[in-house]
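Working notes, beginning with the structure itself.
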Amino acid sequence: MKSLIMVFIGFVAVSCDESGLEIPVYEMLPVSKYERDTVKTLITYDSRRIIRYSLYVKDVLVSETALAYKPNGIYCSLNGIDYEIQLDNTIGGSRVEHLYAYIGDELYYDVLYKYDGEGRLSNTEINVLGGPYYTSYRYKESSIEIVDDGVYEIPLGNEENAGYVFNVLDYANAPHTSKYVINPDLYFLNIYGKPVGKLPSGHVIERSGNTLRIGKHYYEYTTATLLR
């Protein structure tokens, strides 16, 4: 009987621990079009979240997918790769804990994500052929240091990353970060921890209405807030 009681108490304690870490909600403005080089992504929303990606290369539709939101994660396909996004156990905002990418029935790669005390992406482990590879991110007052097959520095300017539409960690073109850690289209799911609040310096920043252009990146967005 004592053993049964101890097991029951342990079960209750574990269940209480599984209530989830409370984190802030970082409001990201809905981006309806994102272009870089010859690639263009059109993004469709319902009242709360992204429901479809349409991917074009040189204005030719190459991939279109609906997103599936399930209790154990988010599922979608982009350009021949199927993604399973497992979210961290949190209350409030959402962030990725483990991402799996498949080509057909074969696992292409997977990424484990860790965050610092302020909720920013801090470390990843990338399991892919030839790996594993590791990346880390250090946030300074006026720059971000990325360790990723070398050291990359992103200088930050004074302009606000309004609505967090710009994927700042992709700016350095660090190879594993840009290819595996933060998919440029999945960035708009707002699942990679606390976004960077300042835009990088070193490029002309063009704004016109609800559009933003920095170097090769172009965004069209709306100021409407998604319902939650």
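For this chain, numbers begin at 1 and follow the sequence in order. Worth knowing before you read on, the calculation uses all heavy atoms, side chains too, and leaves out hydrogens, waters and symmetry mates.
- Across Asn190, Asp88, Thr90, a single residue satisfies side chain to side chain donor-acceptor pair (under 3.5 Å) together with Arg95, and that is Asp88.
- Residues Ile51 and Leu78 are members of separate hydrophobic clusters, defined by side-chain heavy-atom contacts under 4.5 angstrom among Ile, Leu, Val, Met, Phe, Trp and Tyr.
- Within the structure, every pair that satisfies the side chain to side chain donor-acceptor pair (under 3.5 Å) test and touches residues 69-81, not counting sequence neighbours, is listed here: Asn72-Tyr75, Ser77-Asp82.
- Side-chain atoms of Asp170 and Tyr187, non-hydrogen and from C-beta on, never get closer than 4.5 Å to each other.
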As a quick check of understanding, evaluate side chain to side chain donor-acceptor pair (under 3.5 Å) for Tyr137 and Thr135, giving each step before the final call. CA-CA 7 Å; Tyr137 308 87; Thr135 67; 3.0 Å; yes
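- The shortest distance between side-chain heavy atoms of Glu125 and Tyr134 falls below 4.5 Å.
- For the side chain to side chain donor-acceptor pair (under 3.5 Å) condition, the pairs that include at least one residue of residues 191-206, sequence neighbours left out, are Glu160-Lys198.
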* Asked: Given the rule in the salt bridge (Lys or Arg N to Asp or Glu O under 4.0 Å) test, do Asp185 and Arg36 qualify, once you have shown the distances and angles that lead to the verdict?
  -> CA-CA 11 Å; Asp185 295 315; Arg36 67 276 189 201; 3.4 Å; yes
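- Taking the side chain as every heavy atom from C-beta outward, Leu121 and Val181 approach each other to under 4.5 Å.
- The same ILVMFWY cluster, assembled from side-chain heavy atoms under 4.5 Å apart, contains both Leu189 and Met28.
- Cluster membership check: Leu55 does not share its hydrophobic cluster with Ile43, using side-chain heavy-atom separations under 4.5 Å among Ile, Leu, Val, Met, Phe, Trp and Tyr.
- We find the CD1-CD1 distance between Ile103 and Ile81 to be 5.0 Å, quoted to the nearest 0.5 Å.
- Expressed to the nearest 0.5 Å, how far CG of Leu42 lies from CD of Glu64 amounts to 9.0 Å.
- One finds the CG atom of Leu169 at 10.5 Å from the CZ atom of Arg120 (value rounded to the nearest 0.5 Å).
- Of all non-hydrogen atoms in Asn123 and Ser136, the two that sit nearest each other are ND2-CB, 3.5 Å.
- When ring centroids are compared, Tyr108 and Tyr102 stay outside the 6.0 Å threshold.
- Of the possible polar contacts, none joining the Tyr53 side chain to the Leu67 backbone as a donor-acceptor pair under 3.5 Å is found.
- There is no path of hydrophobic side-chain contacts, each under 4.5 Å, that joins Tyr83 to Tyr100.
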Scan the side chains in residues 143-159 for donor-acceptor partners under 3.5 Å anywhere in the protein, sequence neighbours excluded, and list what turns up.
from: Ser143; atom 1: OG; to: Glu153; atom 2: OE2; distance (Å): 2.7
from: Asp148; atom 1: OD1; to: His176; atom 2: N; distance (Å): 3.3
from: Asp148; atom 1: OD1; to: His176; atom 2: ND1; distance (Å): 2.8
from: Asp148; atom 1: OD2; to: His176; atom 2: N; distance (Å): 3.1
from: Asp148; atom 1: OD2; to: Thr177; atom 2: N; distance (Å): 2.6
from: Asp148; atom 1: OD2; to: Thr177; atom 2: OG1; distance (Å): 2.8
from: Glu159; atom 1: OE1; to: Arg207; atom 2: NE; distance (Å): 3.2
from: Glu159; atom 1: OE1; to: Arg207; atom 2: NH2; distance (Å): 3.2

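- Around the NZ atom of Lys114, the shell of radius 6.0 Å holds no more than 12 heavy atoms that belong to other residues, nucleotides or ligands.
- Here the side chains of Val128 and Lys179 are not in contact, with every heavy-atom distance at 4.5 Å or above.
- Atom OH of Tyr219 and atom OG1 of Thr41 lie 10.5 Å apart (nearest 0.5 Å).
- Rounding to the nearest 0.5 angstrom, the gap separating the OG1 atom in Thr211 from the OH atom in Tyr218 is 4.5 Å.
- In the hydrophobic cluster analysis, where Ile, Leu, Val, Met, Phe, Trp and Tyr join through side-chain heavy atoms closer than 4.5 angstrom, Tyr164 is grouped together with Tyr45.
- The main-chain N or O of Val39 is never found under 3.5 Å from a side-chain atom of Asp37 such that the two would form a donor-acceptor pair.
- The aromatic rings of Tyr109 and Tyr180 lie perpendicular to each other, with more than 60° between the two planes, well past the 30° mark.
- We find the CG-OG1 distance between Asp59 and Thr38 to be 9.5 Å, quoted to the nearest 0.5 Å.
- Pro184 approaches Tyr34 most closely through the heavy-atom pair CB-CE2, 3.9 Å.
- Nearest heavy atom pair, residue Tyr26 against residue Pro24, reads OH-CG, 3.6 Å.
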